[in-house]
Protein chains: 2
Amino acid sequence: MGDNKTNHRSTSRVLDILELISNGNNEGYTLTEIASKLNVPKSSLFPMLHTLLDRQYLSLDANQGKYCIGMMLFQVGSSYLDNFNIMNDITTELQNITNVCAEASHFAILNNGNIIYLAKIDSPEPIRMISSVGKSLPAYGTGLGKSLLMDHSINELRRLYPDGLKPMTQYTVTDFDLLDEQLSKARQCGFAYEVEESNLYIRCISIPIRQNNKIVAAISVAVPTFRYTQEKADLIQHLLLNAKHRLESILKTIYVDFNNLT
Amino acid sequence: MGDNKTNHRSTSRVLDILELISNGNNEGYTLTEIASKLNVPKSSLFPMLHTLLDRQYLSLDANQGKYCIGMMLFQVGSSYLDNFNIMNDITTELQNITNVCAEASHFAILNNGNIIYLAKIDSPEPIRMISSVGKSLPAYGTGLGKSLLMDHSINELRRLYPDGLKPMTQYTVTDFDLLDEQLSKARQCGFAYEVEESNLYIRCISIPIRQNNKIVAAISVAVPTFRYTQEKADLIQHLLLNAKHRLESILKTIYVDFNNLT
DNA sequence: ATATTGCGTTCGTATATACGAACAAAATAT
DNA sequence: ATATTTTGTTCGTATATACGAACGCAATAT
């Protein structure tokens, strides 16, 4: 929880409530659960929760007394994407990629060492990766993240992850030197790769999107290992490269301030 | 602004701020603009806005001093869709529809007489409707909305829209009797239609999704009038009907409490 | 049936927030 | 360059919120 200088207790608590519920299992939490998890008296939470209910930022589970994320929070939060006036172009590119290679494609930005998925097109195939718009993952363990970290020096990486690189699977790169080496290679060939480092049985190929020569986003294609072949990898790289070029040329004409958005 | 019994001022103000910014032009607002629009002293907003900034629920426009919707609000809000454990199935169906007919497809639910778009697949064609996930529109003026209102009686409609039906375009149905008549026809044939009632030059065909014989959601295809032909309409109705059947059979096996979510 | 645990809710007072005015800092106008 | 307007910021006190304890109520356990 933010221990910065400026801190308005009521506001922080509202956000604490929303984050607690959104990060939890989506069964929701009761008032007393929230109170104990946030170390806030029930009586203080009571009027806040009811205001959030009235305004539909939370909803009360019919089963009994479990507070869940409400529709208004979704509506208000969705307007974040209005900042990206190229969102339509991005989904069009992803759509095209997935149409051709039949695998899921993603668009993400970097925030404090984590990737945030902003758009996703599902594979038409029945076996799919579980990933969703709005979710975040540590960048170092994902293909998308390696694209976004591509220009980082090893010192910047160490500063970004002061607690080290925690494994997400048995294949996650947890050594800074090895990660740095992979990023060097990625810088040379233009693509970043992930082999079951964030999800078992999933490989990923990714490419960064630059604006004024600075990496501002990345796109990727994720492939189950059993569908992964060299021919498919070649095809995906070709698709990613084309999409990258089109998006980067759009970024030259349209103003999108990525710096402001992360 | 909610004028209900339970009302926690600080919480309400946080929500007022978020809603104001999310509904506005996405240039954002300055502190003083927010203060005057919400009738709240600047000095009261100051600590709140800074807490929201620190927590990345808002971001400060680089230009100068304009508060915009931040990334954390997007992340937290996105988790609303976790409630719908059939979201993947829904997007798959929409994907399929759009692949075949080459027009944009949507999925929406009803909330207080408004439709909320929860998923959308863009048309591959260059000329597209402007509609986005998380946005809401009055149900009576949209194809999706008419599907969602299909089972409503004229009295229920009058209660739902006590201030009458306000026109969105020159073709919007603003008469309760005419709307009721259209809904009756829709109930008979199973489909709801919209002809330039919410957006000029856009027509829409829609079908409701039922759970336990109760309408809980709707899917639609939107078509620019100049691309609209009877053959295409027939194709779209066929696609919608198939998708409806598949989604409804999924809803029989998976538990999704739509009542709780609106 | 009775005790027990856990939940949401209410209430009076201590305390932290909200207010308005005054201030500082920047942008615009003169 | 100076005046003027508009912005963000600080501060002391009035006031509304936060707290803990006690209450009522339901569900489970005995």
Side-chain angles (χ1 to χ4, degrees), chain A residues 1-21 24-70 257 260, chain B residues 1-21 24-70 257 260:
Chain A
M1 325 279 164
D3 49 350
N4 235 321
K5 50 192 175 182
T6 325
N7 192 18
H8 189 255
R9 183 168 62 172
S10 306
T11 303
S12 294
R13 282 184 175 172
V14 171
L15 306 185
D16 287 339
I17 293 168
L18 298 179
E19 284 176 28
L20 173 69
I21 298 177
N25 55 57
N26 46 326
E27 289 173 23
Y29 294 104
T30 65
L31 188 156
T32 26
E33 281 174 334
I34 299 171
S36 76
K37 285 184 190 272
L38 296 182
N39 269 312
V40 175
K42 289 186 293 179
S43 52
S44 303
L45 288 176
F46 187 69
M48 309 183 94
L49 288 175
H50 278 262
T51 304
L52 290 167
L53 269 188
D54 283 350
R55 296 275 222 119
Q56 299 197 68
Y57 282 74
L58 294 179
S59 69
L60 204 50
D61 192 311
N63 302 347
Q64 208 46 289
K66 299 257 193 182
Y67 292 88
C68 303
I69 294 297
D257 186 0
N260 179 36
Chain B
M1 328 259 165
D3 50 352
N4 234 322
K5 50 190 173 182
T6 324
N7 191 18
H8 190 254
R9 183 169 61 172
S10 306
T11 303
S12 294
R13 284 183 174 173
V14 170
L15 306 186
D16 287 339
I17 293 168
L18 298 180
E19 283 176 28
L20 173 69
I21 298 177
N25 54 57
N26 46 327
E27 290 173 24
Y29 294 104
T30 64
L31 188 155
T32 27
E33 280 174 335
I34 299 171
S36 76
K37 285 185 190 271
L38 296 182
N39 271 313
V40 174
K42 289 186 293 178
S43 52
S44 303
L45 288 176
F46 188 68
M48 308 184 94
L49 288 175
H50 278 263
T51 304
L52 289 168
L53 271 188
D54 283 351
R55 295 277 223 117
Q56 300 196 68
Y57 282 74
L58 295 178
S59 70
L60 205 49
D61 193 311
N63 303 346
Q64 206 48 287
K66 299 258 194 180
Y67 292 88
C68 305
I69 294 297
D257 185 1
N260 178 36

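Note: hydrogens, waters and symmetry copies are ignored here, and every other heavy atom, side chains too, is used. First the proteins, then the strands, lettered A, B, ... as listed; each starts at 1.
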Which residue, A:Arg9 or A:Tyr67, contacts DNA chain C at a nucleotide closer to its 5' end, judged by nearest heavy atom?
A:Tyr67
Would you mind reading off the bend of the helix from C:dG8-D:dC23 to C:dC23-D:dG8 from its two end axes, five pairs each, to 10 degrees?
60°
Could you state the atom-to-atom distance from OH of A:Tyr29 to P of C:dG6 in whole Å?
19 Å
I'd like to know if B:Arg55 pairs up with A:Asp16 as an ion pair, taking the criterion as any Lys NZ or Arg NE/NH1/NH2 lying under 4.0 Å from an Asp or Glu carboxylate oxygen.
yes
Just so I know, are the side chains of B:His8 and B:Ser10 near enough to count as touching, which here means a heavy-atom distance under 4.5 Å?
yes
When rounded to whole Å, the CG to C1' distance for the pair A:Leu31 and C:dC7 reads 9 Å
Please work out if A:Thr32 contacts a base, only the sugar-phosphate, or nothing of the nucleic acid, heavy-atom cut-off 4.0 Å.
sugar-phosphate
Are B:Leu52 and A:Leu15 close enough that some pair of their side-chain heavy atoms sits under 4.5 Å apart?
yes
Looking at side-chain heavy atoms only, is the closest gap between A:Val14 and A:Met48 below 4.5 Å?
yes
Would one find a side-chain N or O of A:His50 under 4.0 angstrom from OP1 or OP2 of C:dG8?
no
Does any part of the side chain of B:Phe46, heavy atoms only, come nearer than 4.5 Å to the side chain of B:His50, both counted from C-beta?
yes
Do B:Asp54 and A:Asn7 touch side chain to side chain, with heavy atoms closer than 4.5 Å?
no
With nearest nucleotides of DNA chain D determined for A:Lys42 and A:Ser10 from heavy-atom distances, which residue corresponds to the more 5′ nucleotide?
A:Ser10
CG of A:Leu58 versus P of C:dG8: gap in Å, rounded?
13 Å
Can you tell me how far C1' of C:dC7 sits from CZ of A:Phe46, to the nearest Å?
12 Å
Within the side chain of B:Thr51, is there an N or O that forms a donor-acceptor pair under 3.5 Å with the backbone of B:Pro47?
yes
Hey, does B:Ile34 have a side-chain heavy atom less than 4.5 Å from the side chain of B:Val40?
no
With a 4.0 Å cut-off (strictly under) to non-hydrogen atoms of chain A, the first and last hit nts on DNA chain D, 5' to 3', are D:dA18 to D:dG20
Do B:Tyr67 and B:Thr30 come close enough that some side-chain heavy atom pair is under 4.5 Å?
no
